[in-house]
Number of protein chains: 2
Amino acid sequence: MSGTDTTKSTGGTSAGRTGTDQPRRGRADKAAAILHAACVVFGRDGYSRAAVDTIATEASTSTRTIYNYFPGGKEELFRSVMEWSSARVRDEQLARLRRYLDPQRPPHPRDLERDLLALARAWSDLMADFRDHFLLVRHILVEAGHLPADTVQAWQEAGPRAVRREFASALAALSDHGLIDAHGDLDQVATHFMALISPNAVQHSYWGVTPLPAEEIDRLIASGVRAFLRAYGGAAT
Amino acid sequence: MSGTDTTKSTGGTSAGRTGTDQPRRGRADKAAAILHAACVVFGRDGYSRAAVDTIATEASTSTRTIYNYFPGGKEELFRSVMEWSSARVRDEQLARLRRYLDPQRPPHPRDLERDLLALARAWSDLMADFRDHFLLVRHILVEAGHLPADTVQAWQEAGPRAVRREFASALAALSDHGLIDAHGDLDQVATHFMALISPNAVQHSYWGVTPLPAEEIDRLIASGVRAFLRAYGGAAT
DNA sequence: TTAAAAGCACAACCAGCGTTGTAATGTCGT
DNA sequence: ACGACATTACAACGCTGGTTGTGCTTTTAA
């Protein structure tokens with residue numbers, strides 16, 4: 001899984017534009033390699049267990065270089081990884097949301113289940129595609145009590161909250177067209193949708209530590225979407 | 001002299017007063033005090049951060065005594081706490097399940113929502129009554145990858161799995177009487193019920209680290225139960 | 001009262017790890 | 001080739017913390 005993009009000598013001098021603001025060559029590449037390695041190791045071992053040396057080895061670099069890039073040490077590295085990984089995943093999550101549930105073009109009533117199922121599958125696939133990230137999120141939640149409050153606040157505002165907010169507004173569009181019946185506030189609907197489709201990897205397999213077979217995941221997702229539609233399907237369905 | 005902090009017996013741990021029939025003095029009491037303290041500290045700090053000295057202070061005992069009771073050290077202590085706390089909570093959870101959803105006496109259709117709501121509230125209250133335990137469970141899930149596989153297996157078989165199994169069989173009784181429509185297998189129904197009523201403390205407040213106001217919790221639970229009944233309410237309702 | 005057991009404070013040992021300094025080595029632009 | 005800087009290996013420091021041994025004190029049972 002890892003080590004694919006950790007080739008430090010990344011080809012030619014692609015990022016070698018000197019003189020502006022980047023002091024050296026592939027500085028960004030190196031930083032990304034460190035962040036990716038930190039994501040893997042923090043996600044696997046947790047904050048306390050993870051050793052900076054292990055991260056350095058995983059990133060195919062040296063401990064000293066990590067401290068050169070992140071003078072704040074382990075703590076700043078963890079915060080940087082939170083920010084970096086969450087932004088990446090959030091963007092991809094929002095992209096998949098817009099692909100399958102565009103508020104500008106609500107689906108036909110007949111296609112609602114198909115689209116919701118596609119969205120649920122896309123989000124589920126996301127958890128596999130960014131497995132390292134979600135393994136890390138586990139530890140963010142657990143370490144929340146040991147992190148600065150504003151850091152955690154900022155993370156969840158820029159990460160999961162942003163997704164849920166946009167999802168709720170997409171649901172609002174569905175509600176306006178009678179495709180779903182919110183039965184109250186839309187935040188609830190969004191939460192319940194996620195609750196019904198997410199137990200796949202969460203409840204059943206320790207946050208994805210032991211992956212489930214694809215067909216089993218598919219069965220659980222389909223079951224969740226059907227239950228969601230029975231609970232919130234609108235008059236037009 | 002550091003004897004100023006001898007304000008032990010902070011809780012009801014007045015252990016060694018009554019030497020009745022116990023072979024040694026309050027051996028069980030002492031063990032329970034250690035286990036309870038370990039539950040608190042492990043739940044707050046996690047396995048790696050938690051220091052044995054901290055647990056000893058929390059238990060108003062000495063580090064050495066902990067090693068006398070648990071020769072396996074920190075690791076065995078954690079495993080013992082898992083077992084001890086989970087058994088306690090599971091029993092209480094099953095008791096509340098039977099109180100509000102007795103398979104022998106299914107409720108009237110009119111009372112189904114009331115009973116499910118009562119059960120959901122009872123389980124939610126349980127998470128407050130045994131807050132330390134659920135704080136610990138967080139860390140069990142996160143540490144699963146660093147614990148012996150059979151230990152984790154045994155824990156979830158004797159703990160959450162047992163509850164879900166009995167809950168599913170209670171739902172089977174409801175299904176037999178037409179009170180709910182399983183739309184497939186009953187394990188799904190049980191999972192979805194729990195998913196719809198548990199986001200209270202889980203999604204919204206970091207696994208209960210920052211408790212929500214009671215009325216908010218009540219609102220979320222009621223919303224979850226109503227959604228559940230729309231999804232799984234049987235013909236008789 | 002007395003002896004044994006339990007509990008305790010204290011100290012020591014050792015391992016792991018975060019962090020920093022330093023000198024050697026590699027790499028790139030000129 | 002040369003110089004500047006990035007990168008590295010290496011070592012050292014200090015701190016935290018798990019674990020154990022050891023007498024001293026307290027409690028319990030006879």
Side-chain angles (χ1 to χ4, degrees), chain A residues 6-34 37-38 41-42 45-79 146, chain B residues 1-9 13-34 37-38 41-42 45-79 146:
Chain A
T6 57
T7 59
K8 56 178 175 179
S9 60
T10 50
T13 322
S14 56
R17 53 194 188 97
T18 62
T20 58
D21 48 10
Q22 302 287 0
R24 282 295 162 265
R25 208 220 358 160
R27 241 193 114 88
D29 290 357
K30 195 103 203 172
I34 294 174
V41 176
F42 278 135
D45 296 340
Y47 181 81
S48 300
R49 247 189 254 267
V52 179
D53 286 3
T54 309
I55 297 174
T57 303
E58 179 76 26
S60 299
T61 183
S62 73
T63 309
R64 202 63 186 78
T65 301
I66 290 185
Y67 281 93
N68 288 340
Y69 276 82
F70 301 92
K74 195 181 179 184
E75 204 177 311
E76 189 203 323
L77 181 56
F78 189 76
R79 262 182 278 120
H146 299 278
Chain B
M1 295 294 286
S2 62
T4 61
D5 56 358
T6 56
T7 64
K8 65 170 93 174
S9 71
T13 55
S14 59
R17 297 305 150 86
T18 60
T20 58
D21 50 9
Q22 304 286 1
R24 295 290 170 270
R25 211 228 342 175
R27 237 194 116 86
D29 291 356
K30 194 104 205 170
I34 294 174
V41 176
F42 279 134
D45 297 340
Y47 180 82
S48 299
R49 268 185 159 89
V52 179
D53 287 3
T54 309
I55 296 173
T57 303
E58 178 77 24
S60 299
T61 184
S62 73
T63 308
R64 202 64 186 77
T65 302
I66 289 186
Y67 281 92
N68 288 340
Y69 275 82
F70 302 91
K74 195 180 179 184
E75 204 176 312
E76 188 203 325
L77 181 57
F78 189 76
R79 262 182 278 120
H146 299 278

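Note on naming: letters A, B, ... go to the chains in the order of the sequence lines (proteins, then strands), and numbering restarts at 1 for each one.
Asn68(B) places its CG atom 13 Å from the C1' atom of dT22(D), with the value rounded to the nearest Å. One can place CD1 of Ile66(A) at 11 Å from P of dT19(C), the figure rounded to the nearest angstrom. For Asp29(A) and dA6(D), the CG to C1' distance is 14 Å, given to the nearest whole Å. One interatomic measurement links the two molecules: CG of Asp53(B) to P of dC15(D), which rounds to 17 Å at whole-angstrom precision. Between Ile55(A) atom CD1 and dC17(C) atom C1' the separation is 12 Å, expressed in whole Å. Remark: P of dG18(C) and CZ of Arg49(A) are 13 Å apart, rounded to the nearest angstrom.
For the pair Ile34(A) and Ile55(A), the tightest heavy-atom approach, listed with the atom from each and the gap, is O-CG2, 4.3 Å. Lys30(B) approaches Ser60(B) most closely through the heavy-atom pair NZ-O, 4.4 Å. When all heavy atoms of Ala56(B) and Thr63(B) are compared, the pair lying nearest together is CB-N, 3.6 Å.
At the phosphate of dT8(D), OP1 or OP2 sits under 4.0 Å from a side-chain N or O atom of Lys30(A).
The ring pair (Phe, Tyr, Trp, His ring centres under 6.0 Å) test applied to Tyr47(A) returns Phe42(A), Phe78(A), not counting sequence neighbours. With sequence neighbours left out, Ser48(B) forms a side-chain hydrogen bond (donor to acceptor under 3.5 Å, both in side chains) with no residue at all. Partners of Thr57(A) by side-chain hydrogen bond (donor to acceptor under 3.5 Å, both in side chains), not counting sequence neighbours: none found. Taking Thr65(A) as the reference, Ser62(A) meet the side-chain hydrogen bond (donor to acceptor under 3.5 Å, both in side chains) condition, with sequence neighbours excluded.
Identified under the salt bridge (charged side-chain N to carboxylate O under 4.0 Å, His left out) test for residues 69-79 of chain A, with sequence neighbours left out: Glu75(A)-Arg79(A). Within the structure, the salt bridge (charged side-chain N to carboxylate O under 4.0 Å, His left out) test picks out the following pairs touching residues 47-56 of chain A (sequence neighbours left out): Arg49(A)-Glu143(B).
Checking dG18(D), dT19(C), dT8(D) against the side-chain heavy atoms of Tyr67(B) singles out dG18(D) as nearest. Closest to the side chain of Tyr69(A), out of dG18(D), dT7(D), dG18(C), is dT7(D).
At least one side-chain heavy atom of Val52(B) sits less than 4.5 Å from a side-chain heavy atom of Tyr67(B).
An angle of 30°, rounded to 10°, separates the two end axes of the helix from dT1(C)-dA30(D) to dT30(C)-dA1(D), each defined over five pairs.
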Polar atom pairs (N or O), protein with nucleotides 9-14 of chain D, under 3.5 Å:
none

Each nucleotide N or O in nucleotides 11-16 of chain C that has a protein N or O under 3.5 Å away: list the pair and distance.
none

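Looking at which nucleotide of DNA chain C each of Thr65(B) and Tyr47(A) is closest to, the 5′-most match is held by Thr65(B).
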> Are Asn68(A) and Arg64(A) close enough, and set up right, to give a side chain to side chain contact (heavy atoms under 4.5 Å, CB included), and what steps lead you there?
Replying inline: CA-CA 6 Å; Asn68(A) 288 340; Arg64(A) 202 63 186 78; 3.3 Å; yes
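Of all the residues in residues 71-78 of chain A, Gly73(A), Lys74(A) reach under 4.0 Å from DNA chain C with at least one non-hydrogen atom.
Counting any heavy atom pair closer than 4.0 Å across all strands shown, Ala50(A) reaches sugar-phosphate atoms only and no base atom.
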